[in-house]
Amino acid sequence: MRRRSEEHSRDWSELRNRIIGLGEQSSHKNYYSELKARLRELEESRRSLAAANASLQAVMDAATEVAIIATSPDGTITIFNQGAENLLGYRAEELIGTATVLLFHLPLEVEQRGAELSAQYSHTVTGFQTFIESTEHGHAEKREWTYICKDGRYLQVELVVTAIRGENGVINGYLGVAQDITERKQAEASLRRMNLDLEEARQATEKLNRLLEQRISEALVDIRHKDRLLIQQGRQAAMGEMISNIAHQWRQPLNNIALLIQNLQLLCNSGELSPQQCDQDVAKALEIIQFMSGTINNFRNIFRQDATPQRFSVNQAVAKIVDFLAAGMTGHGITVSCVEKEEVSITGYPGEYHQALINILNNAREALLFRAVPKALIRITIFKEQGQGVVTVWDNGGGIDAAILPKIFDPYFTTKFKSQGTGLGLFMAKAIIENSMQGRLTARNINGGAELRIEVSSPETVSGRPVSA
Ligand SMILES: Nc1ncnc2c1ncn2[C@@H]1O[C@H](COP(=O)(O)OP(=O)(O)OP(=O)(O)O)[C@@H](O)[C@H]1O
Ligand SMILES: [Mg+2]
């Protein structure tokens with residue numbers, strides 16, 4: 001543009017000098033003065049055109065961040081602004097009027113785009129036509145291209161191409177405005193890389209999670225299996241407990257039956273057995289056997305396995321267990337007192353609840369016996385607190401050593417000799433209360449003894465009905 005305006009200015013001065021020369025020779029002074037006025041006007045418009053051109057050039061040169069490249073209709077470069085020089089490393093003088101934009105385009109890219117446009121518009125599009133084909137169909141083309149700089153570097157640019165039309169709509173040339181997007185592209189590429197890395201990390205984490213989940217579920221299966229084994233062992237211990245209780249309960253009645261039988265034999269041998277005496281002793285023996293059979297039923301119910309949760313009275317459960325263990329307590333001089341502050345009902349598995357109570361009461365008995373406590377006492381208290389049905393079992397056996405207090409619920413933790421304790425009693429009791437019945441089992445030392453506290457939710461109503469104990 002700079003060169004064009006210089007050429008234009010030279011042509012104009014020449015013409016002006018020639019007209020002035022003509023006027024001086026002419027006899028038609030009027031015509032000459034009119035010509036002079038016209039000349040002034042033309043001079044004026046030339047100056048303003050030159051000023052406009054200069055400011056347009058200044059604007060284009062000021063745009064150092066964007067490359068503005070104009071071409072003739074055949075693609076020859078006509079404008080190459082400062083931004084274009086900065087971007088591509090060519091000087092405007094090197095290219096204007098001699099080179100086309102294909103000079104700094106990647107041929108393969110032009111070829112590929114040409115093929116696309118050829119397919120789109122059903123005619124062959126190659127070379128410079130590739131950049132202007134879309135403008136001929138009425139829209140400006142905005143695309144990313146690779147520019148090859150004078151020094152051989154590659155740049156990513158975003159190029160907008162528009163047609164320059166004259167007053168009559170005829171295309172005078174084309175204008176391309178290109179912006180360097182190399183950095184943006186690099187940033188995008190590194191963002192993509194980061195995203196890929198992130199995705200990889202996410203997949204790795206997911207894989208790890210799946211592996212962990214699998215390990216956890218395997219571990220859970222293993223734990224459940226061990227739990228079942230422990231509970232099985234606990235049941236066997238409870239069966240042993242039951243057998244020894246039955247044996248204890250039966251000792252007296254069995255003696256009585258033996259006495260009756262011996263008596264019958266004596267009377268029979270001496271010939272003194274009357275039919276009435278026989279009937280009477282047989283009836284007595286049958287009554288005793290009836291009682292013994294009742295004991296078995298009672299005890300069997302204590303360990304009944306319920307498939308579904310039942311609503312049951314805590315007071316009755318405690319009474320049954322106190323009765324069940326009575327022989328082992330009173331026989332060793334241990335007093336068991338039960339303070340029932342109120343009637344408490346809970347929902348859960350009574351058989352398992354009985355089991356937990358037995359384990360806790362047996363521990364109290366064993367502590368009292370081991371420490372040979374005089375006036376040994378176990379006090380059971382039943383009450384409600386903040387919607388919980390609470391049973392506390394306290395003994396005056398001296399309490400649990402503070403150092404072992406945090407471990408007493410661990411499986412196989414025992415301070416007793418092997419033959420006397422497995423260390424499963426409290427572990428099982430906790431599993432029953434906390435896992436099966438969503439309650440809490442805790443222990444503390446208070447008033448010179450240990451206190452085990454069982455809490456299980458005891459709502460005032462069940463399914464909208466008031467609770468009857
Ligand atoms: N009332 C208590 N007083 C003192 N120590 C207790 C009391 N209850 C529990 N312990 C302590 O807690 C330990 C663990 O009790 P746990 O019932 O789990 O096992 P264990 O009684 O040793 O054996 P078992 O499996 O036969 O019941 C006991 O060995 C004992 O040291
Ligand atoms: Mg125990």
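Predicted, not measured: the structure shown is a model, and the values here were computed from it. Counting convention: from 1, in listed order, for ligands and their atoms alike.
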Tell me the residues surrounding ligand 1, counting only those with a heavy atom closer than 4.0 angstrom, sorted by chain and number.
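The answer is Asn363, Ala364, Glu366, Ala367, Asp395, Gly399, Ile400, Ile404, Ile408, Phe413, Thr414, Thr415, Lys416, Gln420, Gly421, Thr422, Gly423, Leu424, Gly425, Leu426, Ala450, counting any residue whose heavy atom sits under 4.0 Å from ligand 1.
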
Is the ring centre of Phe427 less than 6.0 Å from the ring centre of Phe409?
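No.
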
Tell me if the centroids of the rings in Phe312 and Tyr353 come within less than 6.0 Å of each other.
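Yes, the ring centres sit under 6.0 Å apart.
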
Side-chain donor-acceptor pairs of residues 203-212 under 3.5 Å, sequence neighbours excluded:
residue: Gln203; atom: NE2; partner: Glu199; partner atom: OE2; Å: 3.1
residue: Thr205; atom: OG1; partner: Ala201; partner atom: O; Å: 2.6
residue: Glu206; atom: OE2; partner: Arg202; partner atom: NH1; Å: 2.7

State whether Lys416 and Glu366 are salt-bridged, where the test is any N-O pair (Lys NZ or Arg NE/NH1/NH2 against Asp/Glu carboxylate O) under 4.0 Å.
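Salt bridge: yes.
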
Would you call Arg143 and Glu158 a salt bridge, taking side-chain N to carboxylate O under 4.0 Å as the test?
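Here Arg143 does not pair with Glu158 in a salt bridge, since their nearest N and O are not under 4.0 Å apart.
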
Pairwise distance CG(Leu377) to CG(Asn396) - rounded to 0.5 angstrom
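If I round to the nearest 0.5 Å, the distance is 5.0 Å.
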
Excluding waters, which are neither shown nor counted, protein N/O/S atoms under 2.8 Å from the Mg ion (ligand 2) come to 1

What heavy-atom pair brings Ile288 and Asn256 nearest, and what distance separates the two atoms?
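Closest heavy-atom pair between Ile288 and Asn256: CD1-CB, 3.6 Å.
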
How close do Val66 and Asn81 get, heavy atom to heavy atom, and via which atoms?
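Distance-wise, the nearest heavy atoms are O-ND2, 3.3 Å.
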
Please output the side-chain donor-acceptor pairs of residues 450-457 that fall under 3.5 Å, not counting sequence neighbours, one pair per line with the distance.
residue: Glu451; atom: OE1; partner: Arg444; partner atom: NE; Å: 2.9
residue: Glu451; atom: OE1; partner: Arg444; partner atom: NH2; Å: 3.2
residue: Arg453; atom: NE; partner: Glu455; partner atom: OE2; Å: 2.9
residue: Arg453; atom: NH2; partner: Glu385; partner atom: OE2; Å: 2.9

